[in-house]
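Below is one structure, written out as structure tokens; the observations come after it.
Nothing here was measured: the structure is a model prediction, and the numbers come from that model.
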Amino acid sequence: MTDLTITKGTTYPLGATITKDGVQFAAVLHKEGNCGVVLIEKKTGQKTRIPFSDGKRIGNISSVVVKGLDIDAYDYNFYCDEKEYVDPHAKRIIGNEKWGIKEEEIILRSGFEKPYDNWEGDEPLCIPYEDSVIYCLHVRGFTIHPSSKVKGAGTYQGIIAKTEYLKSLGVTAIELMPAYEFEEYNPTKKEEKKDIMSFFEEKSVMPINYWGYKEGYYFAPKASYAYGEDAGSEFKDMVKHLHKNGIEVIMQFYFPDNVKQGYIFDSIRYWVTEYHIDGVHVKGGKVPISFMGTEPLFANTKIFYQYIPEQEIYGIHEIPAYKNMCIYSDGFMYNMRKFLKGDDDMLSTMLSLTKHKPERVGSVNFITNYYGFTLNDLVSYDKKHNEDNGENNHDGADYNYSWNCGVEGKSRKNAVMALRKKMMRNALILVMLSQGTPVLLAGDEFCNTQNGNNNPYCQDNEVSWLNWNLSKTGKEMLEFTKDLIAYRKTAAFLHVKKEFTMLDIHHCGYPDMSYHGLQAWKAELENYNHHVGIMYSCPDENGKGVKLWYVAYNMHWEKKQFSLPKLMKEQKWKVVMTTGERVKEIPEAKKSSTFEVEERSITIFEA
């Protein structure tokens, strides 16, 4: 080894940092003793230990600076007594580059970050929540199927290759399931491994943590999701490319309860500053969400969590200049599923969810997500079918609020298939025409199926992979989804900053939001009803007139009559979009117009 010079370091940043004086190594150690850095020569595996006793210690942080180290020739780990461990702040993880590796002992090492100077002026996009449409995907599953026909299938390069598709779909952001480094194949004991393997060999299924919701190496992008050898640069290329095409990147992070809050904060800060990501969806019971919400560095970073303690973050009166905090919970999903399939006593809940828009934080709406049925399966299965997961179908949610439309699973009955298509379109409209930020699960736009599996966490196969060979129904659904997202972008009532008041705040003769039924201005909100008309009003582009929209929802199994409110001046109602088959144009009239909405369908009108 070349002669090295060892000097004292400083406390931060933690991990390995390349400086003008050399490489600083800093680690959190809760005891003093025989601890330090072990340098590992790549070619020979020879190890050299550098004790922290030669450096500096402040609090529980020990550090040294190593001058003369060739970072291209070495990896490193930390050690304490006889135990070696990976640097929890490592920017690269060496030894897990191949997906699903099955060696009995995987010895991971910490790697040095390679410099990246190719940002080309890139900056986060800061798209407001009311203008956002989020697309949730798994990096590997998105393009690994041969039908994707992309270079770098199953990698960040695969996402780059699908950018034009994402643009044509109309989404403004992708939400990545865990894409930081984690060990997807990791039985901890030999006897456990033997039991696991004997079971899965019978089932022809690999014991893979396909999703990645486990403790990981949170500072390093997942190496097996990279097409080349430099995952960090490839991830940054992906972010830069998507930004150039108007698409944000949101990262999911799952933190078990044993992960310290300071470490959580540091890892998020690193991804925001180093990788230019636009947002994070943090999961875990001990996330320092209030601290993150008050951090000035994150003021323009979207932060999603299951609840947002607004008063802790903003006090009583503060309104953020840029709304960055956002509630990401299941309330919309389960309640709208019940309304969709026609459960009683859901109308008032549906109206509340459609209108909901907090003043200081955002909220997302979705009817499917990775943890549950796909949209296709939501209308094709009454029960979960997780037998291949190896847990006797005990895993996954038992209550899915789904409906198979009369036949469990695949069907060739025309009536069943027609109803399923209508139900899927209804579900998409419920999401896209509500006031929160819509989240679309990848593949739902073309009827992707998991064959009734609502928890494919270990299914690294065609159950979880997107199949891009679209059926006729899939092609029809894709075009409908594109049209619906495009319509959402043009409909001004979906881009307001504040929640509707149901008053004529614009002094245009109409309240900003109103409910209707068989008679205009008179909704039938009894608990046994399943239909309602919602009208929205906004000033037109010139501020002199008014724009009106009317959405007629009928989740009942029978046709329902509605009446459109009377229009002023020379306006007339026209049908914009419907999920039904039988739609008649509304007669030109200034008077209230009565019309019929097909059973289990939604029709959108504009004045």
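Salt bridge status for Glu130 with Lys497: present, with a side-chain N to carboxylate O gap under 4.0 Å.
Here Tyr270 and Tyr218 keep their ring centres 6.0 angstrom or further from each other. No close placement of the Tyr487 and Trp549 rings is indicated, their centers lying 6.0 Å or farther apart. Taking the six-membered ring wherever Trp is involved, the centroid distance between the rings of Tyr263 and Phe219 falls below 6.0 Å. Residues Tyr328 and Tyr305 keep their aromatic ring centres 6.0 Å or farther apart. Taking the ring centroids of Tyr371 and Trp211, they lie at or beyond the 6.0 Å cut-off. Taking the six-membered ring for Trp and the full ring otherwise, the centers of Tyr210 and His138 sit less than 6.0 Å from each other.
Side chain of Asn324 to main chain of Thr301: a donor-acceptor pair is present (N/O by atom type, distance under 3.5 Å, no hydrogens or angles).
With hydrogens and angles left out, the side-chain atoms of Asp377 and Thr449 include a donor and acceptor closer than 3.5 Å. Side-chain N/O atoms of Asp266 and Tyr12 include no donor and acceptor closer than 3.5 Å. Side-chain contact of Tyr135 with Glu445: a donor-acceptor pair under 3.5 Å is present, judged by distance alone. Using a 3.5 Å distance cut-off with no hydrogens or angles, the side chains of Thr163 and Asn245 do not pair a donor with an acceptor. With 3.5 Å as the limit, one finds a donor-acceptor pair spanning the side chains of Asp444 and Thr368. In the model, Glu123 has no side-chain atom that pairs as donor or acceptor with a side-chain atom of His276 under 3.5 Å. Between Lys357 and Tyr129, the side chains place no donor N or O within less than 3.5 Å of an acceptor N or O (distance only, hydrogens not considered). Between the side chains of Asn400 and Asn454, at least one donor N or O sits under 3.5 Å from an acceptor N or O. Residues Thr578 and Thr603 have side chains that bring a donor and an acceptor to within less than 3.5 angstrom of each other. Donor-acceptor pairing under 3.5 Å is recorded for the side chains of Thr579 and Asn426. A side-chain donor-acceptor contact under 3.5 Å links Ser514 and His516. No hydrogens or angles considered: a donor-acceptor pair under 3.5 Å links the side chains of Tyr213 and Gln252.
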> Hey, mind stepping through Ser434 and Asn365 against side chain to side chain donor-acceptor pair (under 3.5 Å) and telling me if it holds?
Replying inline: CA-CA 8 Å; Ser434 294; Asn365 298 327; 4.5 Å; no

>> Run the side chain to side chain donor-acceptor pair (under 3.5 Å) test on Ser537 and His506 for me, step by step, so that the C-alpha distance in whole Å, both residues' side-chain angles and the decisive distance to 0.1 Å come before the verdict.
In response: CA-CA 9 Å; Ser537 73; His506 302 298; 5.8 Å; no

> Checking side chain to side chain donor-acceptor pair (under 3.5 Å) for the pair Glu462/Asn467: CA distance, chi angles, key distance, verdict?
Replying inline: CA-CA 8 Å; Glu462 294 198 7; Asn467 188 333; 4.8 Å; no

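Geometrically, Lys222 engages Phe182 in a cation-pi contact, judged by NZ or CZ lying under 6.0 Å from the ring centre and within 45° of the ring axis. For the pair Lys236 and Tyr275, the cation-pi criterion (under 6.0 Å, within 45° of the ring axis) is fulfilled. Taking the ring centre of Tyr401 as origin, the terminal cationic atom of Lys338 falls inside the region bounded by 6.0 Å and 45° from the ring axis.
Residues Asn335 and Met346 come closest through the heavy atom pair O-CE, 3.3 Å. Of all non-hydrogen atoms in Asn453 and Pro456, the two that sit nearest each other are OD1-N, 3.2 Å. Heavy atoms only, all atoms of each residue included: Gly509 and Asp504 are closest at N-OD2, 3.0 Å. In plain terms, the two heavy atoms of Met432 and Val133 that are nearest each other are CE-CG1, 4.1 Å. Residues Ile367 and Leu375 come closest through the heavy atom pair CG2-CD1, 4.3 Å. Among all heavy-atom pairs drawn from Val249 and His243, the shortest one is N-NE2, 4.5 Å.
Under the 4.5 Å side-chain criterion, counting only non-hydrogen atoms from C-beta, Glu248 is in contact with Lys302. Taking the side chain as every heavy atom from C-beta outward, Pro309 and Tyr307 approach each other to under 4.5 Å. Between Gln450 and Asn376 the shortest side-chain heavy-atom distance does not fall below 4.5 Å.
Atom NZ of Lys482 has more than 12 heavy atoms from other residues, nucleotides or ligands within 6.0 Å. Crowding of Glu229 atom CD: a count of heavy atoms from other residues, nucleotides or ligands under 6.0 Å not exceeding 12. Within a 6.0 Å radius of NZ in Lys489, other residues, nucleotides and ligands contribute more than 12 heavy atoms.
Aromatic ring orientation, Phe339 versus Tyr553: perpendicular (interplanar angle above 60°, classes split at 30° and 60°). Ring geometry for Phe493 versus Tyr536: interplanar angle under 30°, hence parallel rather than tilted (30 to 60°). Aromatic ring pairs are classed by plane angle as parallel below 30°, tilted from 30° to 60° and perpendicular above 60°; the pair Tyr550 and Phe605 is perpendicular.
Just one residue in the list Thr437, Val439, Asp278, Ile250 forms a side-chain contact (heavy atoms from CB on, under 4.5 Å) with Ser132, and that residue is Thr437.
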